[in-house]
Amino acid sequence: MKIRSLSLLILLVFSLLAVSPVFADTITPSDSSMPWWAWPLILFVVTFILGVLAVLGGVGGGVLFVPIVGGFFPFNMDFVRGAGLFVALAGALAAGPGLLKRGFADLRLAIPLALIASASAIVGAMIGLALPPNIVNIALGATILMIVAIMLLAKKSEYPEVKKADALSQALKINGIYHEISTGKEIEWKVHRTPQALVLFIAIGIMAGMFGLGAGWANVPVLNLLMGAPLKVSVATSKFLLSITDTSAAWIYLNNGAVLPMMVAPSIVGIMLGSVVGVRILAVAKPKIVRYIVIAMLLFAGVRALLKGLGVWK
């Protein structure tokens with residue numbers, strides 16, 4: 001653990017040194033009196049805190065990163081959304097292989113949804129880059145407030161009851177068995193309502209690409225509550241889905257010059273180091289209290305983005 005943390009810090013330092021001459025003018029606001037290196041360091045500290053809260057609140061780092069950094073930092077929203085996709089992508093790539101190896105993430109469940117979501121994410125990324133900043137902020141604010149509502153109202157079922165798999169999931173052979181360590185039992189599962197889920201993943205992909213958000217907040221309810229996949233399978237498969245969906249959208253931002261290493265490097269390192277600390281704090285923290293702290297932060301950031309887009313709070 002210590003070696004990994006040290007490696008991430010070394011990566012942060014070298015990344016800043018490597019890109020400083022090229023992007024200092026781009027990232028530093030013209031009316032700012034602070035030196036160029038102050039902004040990446042502040043971003044690192046903020047994302048470290050977000051990384052801790054993301055683990056404790058059970059949400060992805062991207063869903064906190066974009067509204068908070070976009071609302072309270074003087075950076076162009078295109079750069080923030082591009083960095084947000086890489087933040088979400090880093091976490092997904094780190095977790096994906098382990099989840100597949102343990103049998104929690106399921107390829108047969110993930111691939112059809114990933115194809116739909118990744119194609120939609122490309123469209124969403126192009127739409128996001130084409131829209132004026134105020135329209136993006138209004139839409140982002142409304143989306144974040146919707147996420148808050150989902151987090152407050154959505155229920156989770158560890159083992160949803162699926163009496164009969166639908167024809168499409170049977171044709172695609174979407175079913176499986178995983179070993180539940182806590183009970184020592186083999187959990188057999190299948191899904192239904194697959195066509196409806198594919199339609200919803202079109203919207204999820206568009207939002208993920210348009211706003212640079214990791215879409216775990218939407219993936220899990222669809223997989224768990226609509227399709228009937230067990231909660232652990234839903235969470236793990238959602239994490240794996242992000243590694244495909246966010247990659248598609250990230251290329252659009254990268255190709256259009258909306259990805260700045262000076263923003264991405266400290267953000268990824270901060271989120272990952274914060275996640276390491278968050279995992280340790282999780283053992284002693286009360287999840288319910290932290291969950292409401294995260295919801296309050298998202299509510300505040302969502303209102304901020306909405307009012308910023310409307311020109312009320314600049």
Side-chain angles (χ1 to χ4, degrees), residues 51 54-55 57-63 85-121 154 156-160 162 165-166 168-194 196-198 200-202 204-205 207-209 213-250 268 271-272 275-276 278-279 282:
V55 172
V59 298
V63 77
L85 282 169
F86 277 89
V87 165
L89 181 58
L93 290 174
L99 294 172
L100 284 171
K101 185 177 181 180
R102 288 172 174 79
F104 294 137
D106 187 81
L107 278 174
R108 290 187 181 274
L109 176 60
I111 294 302
L113 302 174
L115 289 173
I116 296 291
S118 58
S120 303
K156 293 180 179 179
S157 176
E158 290 191 6
Y159 310 108
V162 178
D166 62 82
L168 182 56
S169 68
Q170 288 179 341
L172 296 173
K173 298 181 180 179
I174 303 176
N175 56 69
I177 299 174
Y178 80 94
H179 179 70
E180 178 54 61
I181 300 173
S182 62
T183 61
K185 296 181 180 179
E186 300 291 327
I187 306 297
E188 186 175 351
W189 59 271
K190 53 184 178 289
V191 297
H192 57 179
R193 305 189 189 114
T194 308
Q196 296 94 315
L198 291 173
L200 283 176
F201 267 90
I202 295 174
I204 291 171
M207 285 191 289
L213 301 174
W217 57 272
N219 291 345
V220 174
V222 172
L223 291 167
N224 180 232
L225 301 177
L226 179 67
M227 299 184 73
L231 183 58
K232 279 192 176 181
V233 173
S234 300
V235 172
T237 302
S238 169
K239 201 72 173 175
F240 178 75
L241 273 168
L242 293 179
S243 64
I244 301 174
T245 306
D246 290 349
T247 300
S248 302
I268 290 177
I271 285 282
M272 294 183 75
S275 299
V276 171
V279 169
L282 187 61

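All figures in this text were calculated on a predicted structure; none of them were measured in a lab. For the numbers below, each heavy atom of this structure counts, side chains included, while hydrogens, waters and symmetry mates do not.
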Asks: Indicate yes or no: at least one non-hydrogen side-chain atom of Leu89 is less than 4.5 angstrom from one of Thr247.
Replies: yes
Asks: If you take all heavy atoms of Ile116 and Phe201, which pair is closest and at what distance?
Replies: CG2-C, 4.0 Å
Asks: Rounded to the nearest 0.5 Å, how far apart are CG of Asn175 and CG of Asp106?
Replies: 8.0 Å
Asks: Check Met227 against Arg193 and note the closest heavy-atom contact, atom names and distance.
Replies: CG-O, 4.5 Å
Asks: Go through the steps for Gln196 and Asp166 under the test side chain to side chain contact (heavy atoms under 4.5 Å, CB included), then give the verdict.
Replies: CA-CA 11 Å; Gln196 296 94 315; Asp166 62 82; over 6 Å; no
Asks: For residues Pro160 and Pro230, report the shortest heavy-atom separation together with the two atoms involved.
Replies: CD-CA, 3.8 Å
Asks: Less than 4.5 Å apart, side chain to side chain, heavy atoms only: is that true for Leu107 and Phe240?
Replies: yes
Asks: Does the side chain of Lys232 come within less than 4.5 Å of Ile187's, by heavy atoms?
Replies: no
Asks: Between Ala105 and Thr237, which heavy-atom pair has the shortest distance, and what is it?
Replies: CA-OG1, 3.6 Å
Asks: Rounded to the nearest 0.5 Å, how far apart are CD1 of Ile204 and CG of Leu200?
Replies: 6.0 Å
Asks: So which heavy atom on Gly209 is nearest to which on Ala249, and how close?
Replies: CA-CB, 3.8 Å
Asks: Return yes if some donor-acceptor pair links the side-chain N/O of Ser169 with the main-chain N/O of Ile174 below 3.5 Å, else return no.
Replies: no
Asks: Roughly how far, to the nearest 0.5 Å, is the CG atom of Leu231 from the CG atom of Leu225?
Replies: 9.0 Å
Asks: Considering residues, nucleotides and ligands other than Glu188, do more than 12 of their heavy atoms fall under 6.0 Å from its CD?
Replies: no
Asks: Any side-chain heavy atom of Leu113 within less than 4.5 Å of one from Leu198?
Replies: yes
Asks: Distance-only, no hydrogens or angles: does the Lys173 side chain make a donor-acceptor pair with backbone N or O of Arg108 under 3.5 Å?
Replies: no
Asks: For Ser234, which of Asn224, Val222, Asn219 qualifies under side-chain contact (heavy atoms from CB on, under 4.5 Å)?
Replies: Asn224
Asks: What pair of heavy atoms forms the shortest contact from Asp246 to Ala208, and how long is it?
Replies: OD1-CB, 4.5 Å
Asks: Can you tell me how far apart CD1 (Ile177) and NZ (Lys190) are? Round to the nearest 0.5 Å.
Replies: 11.0 Å
Asks: Do side-chain atoms of Ser248 reach the backbone of Ile244 as a donor and acceptor pair under 3.5 angstrom?
Replies: yes
